[in-house]
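The analysis underlying the following values was restricted to heavy atoms, covering all of them including side chains, and did not include hydrogens, waters or symmetry mates.
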Amino acid sequence: MAQPFRALAHNGEINTIVGNRLTAARRQRDHGALPELAGLDMPAVSLEGSDSRSLDDQISLLVSHGFSLPHAPARVLRRAWEHDRSIRAEERAFEQYQACVSDSWEGPAAIAMADGRWVGLVVDRSGFRPAR
């Protein structure tokens, strides 16, 4: 299947895809949950197709609503922060907040992204995949 993505490409399966899709649909129905979903007349995240398409939908939605490309994936492709004592207080606060407002999309070995200004790469948060 051809996978023409707007923002990203990844290697590996997204283990949390079913839950991520269902949560995105639930949050879209709850209009107060995320301001970026207000007035959206189509699914925020594709419920069909590849897991890559759904993740690309999520990142693209955030970018189209003003989040920078570095910020958008940081919201949904979070690092393992809970027991990392080297994280600064500001970073820990960011991670704690994101854990409350969005689900983590976990599983891919690596995710590459670009938007014409930024280029980024996120690797498996647990370090189990060879891309690290």
Side-chain angles (χ1 to χ4, degrees):
M1 174 171 38
Q3 298 189 27
F5 303 122
R6 296 170 292 229
L8 63 88
H10 79 81
N11 175 16
E13 293 298 316
I14 297 172
N15 302 330
T16 56
I17 190 63
V18 173
N20 293 132
R21 286 173 171 169
L22 295 174
T23 300
R26 179 182 49 78
R27 285 193 173 133
Q28 187 170 359
R29 286 189 304 272
D30 179 8
H31 300 292
L34 292 174
E36 59 265 22
L37 299 181
L40 193 63
D41 62 351
M42 57 186 236
V45 173
S46 174
L47 301 177
E48 299 175 353
S50 71
D51 55 353
S52 304
R53 177 180 174 193
S54 294
L55 177 56
D56 188 69
D57 288 345
Q58 180 74 66
I59 299 294
S60 296
L61 176 71
L62 294 170
V63 169
S64 73
H65 283 82
F67 292 92
S68 68
L69 188 64
H71 188 178
R75 287 189 69 165
V76 297
L77 300 167
R78 292 191 300 276
R79 60 186 169 177
W81 59 274
E82 295 90 339
H83 303 292
D84 186 345
R85 295 175 192 231
S86 68
I87 295 178
R88 295 177 308 157
E90 300 85 20
E91 294 173 280
R92 183 170 299 283
F94 174 83
E95 297 293 345
Q96 287 173 328
Y97 176 75
Q98 296 312 321
C100 293
V101 299
S102 65
D103 292 323
S104 184
W105 294 62
E106 298 181 19
I111 298 174
M113 61 206 83
D115 70 354
R117 178 175 179 204
W118 297 97
V119 174
L121 176 69
V122 178
V123 295
D124 170 36
R125 73 181 243 141
S126 301
F128 297 139
R129 303 289 178 104
R132 189 169 287 280

Undergrad: Got a second to check how far Arg79's CZ is from Glu95's CD, nearest 0.5 Å?
TA: 5.0 Å
Undergrad: Taking all atoms of both residues into account, what is the closest heavy-atom pair of Arg92 and Asp84, and its distance?
TA: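 That closest heavy-atom pairing would be NH2-O, 2.6 Å.
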Undergrad: Report yes or no: does Ser68 contribute a side-chain atom to a donor-acceptor pair with the main-chain N or O of His71 at less than 3.5 Å?
TA: yes
Undergrad: Would you find a donor on one side and an acceptor on the other, under 3.5 Å apart, between the side chain of Asp51 and the backbone of Ile14?
TA: yes
Undergrad: Would you call Ile59 and Leu69 a side-chain contact if the rule is heavy atoms closer than 4.5 Å?
TA: yes
Undergrad: Checking one residue: Ile87. Which other hydrophobic residues are in its cluster under the side-chain 4.5 Å linking rule?
TA: Trp81
Undergrad: Any heavy-atom pair between the side chains of Val76 and Asn20 that's under 4.5 Å?
TA: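 Contact flag for Asn20/Val76 side chains = no.
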Undergrad: Do you know which two heavy atoms are closest between Arg75 and Arg78, and how far apart they sit?
TA: O-NH1, 2.7 Å
Undergrad: Let me confirm one number: the CD-CD distance from Glu82 to Gln96, rounded to the nearest 0.5 Å.
TA: 9.5 Å
Undergrad: Thr16 and Ser104: which non-hydrogen atoms are nearest, and at how many Å?
TA: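 Smallest heavy-atom distance, with atoms named: OG1-O, 3.4 Å.
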Undergrad: Can you establish whether the number of heavy atoms outside Glu48 located under 6.0 Å from its atom CD is more than 12?
TA: no
Undergrad: Less than 4.5 Å apart, side chain to side chain, heavy atoms only: is that true for Val63 and Trp118?
TA: no
Undergrad: Taking side chain as C-beta onward, heavy atoms only, is Thr23 less than 4.5 Å from Val45?
TA: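 Thr23 does not reach Val45 side chain to side chain.
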Undergrad: Which pair of non-hydrogen atoms, one from Ala110 and one from Leu121, has the smallest distance, and what is that distance?
TA: CB-CD1, 4.0 Å
Undergrad: Considering all heavy atoms of both residues, which atom of Arg21 and which atom of Ser54 are nearest to each other, and what is their separation?
TA: NE-OG, 2.8 Å
Undergrad: How close do Ser46 and Asp57 get, heavy atom to heavy atom, and via which atoms?
TA: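 Taking every non-hydrogen atom into account, N-OD2, 2.7 Å.
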Undergrad: Mind checking the OG-CD1 spacing from Ser50 to Ile17? Nearest 0.5 Å is all I need.
TA: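 Going from the OG atom of Ser50 to the CD1 atom of Ile17 covers 8.0 Å.
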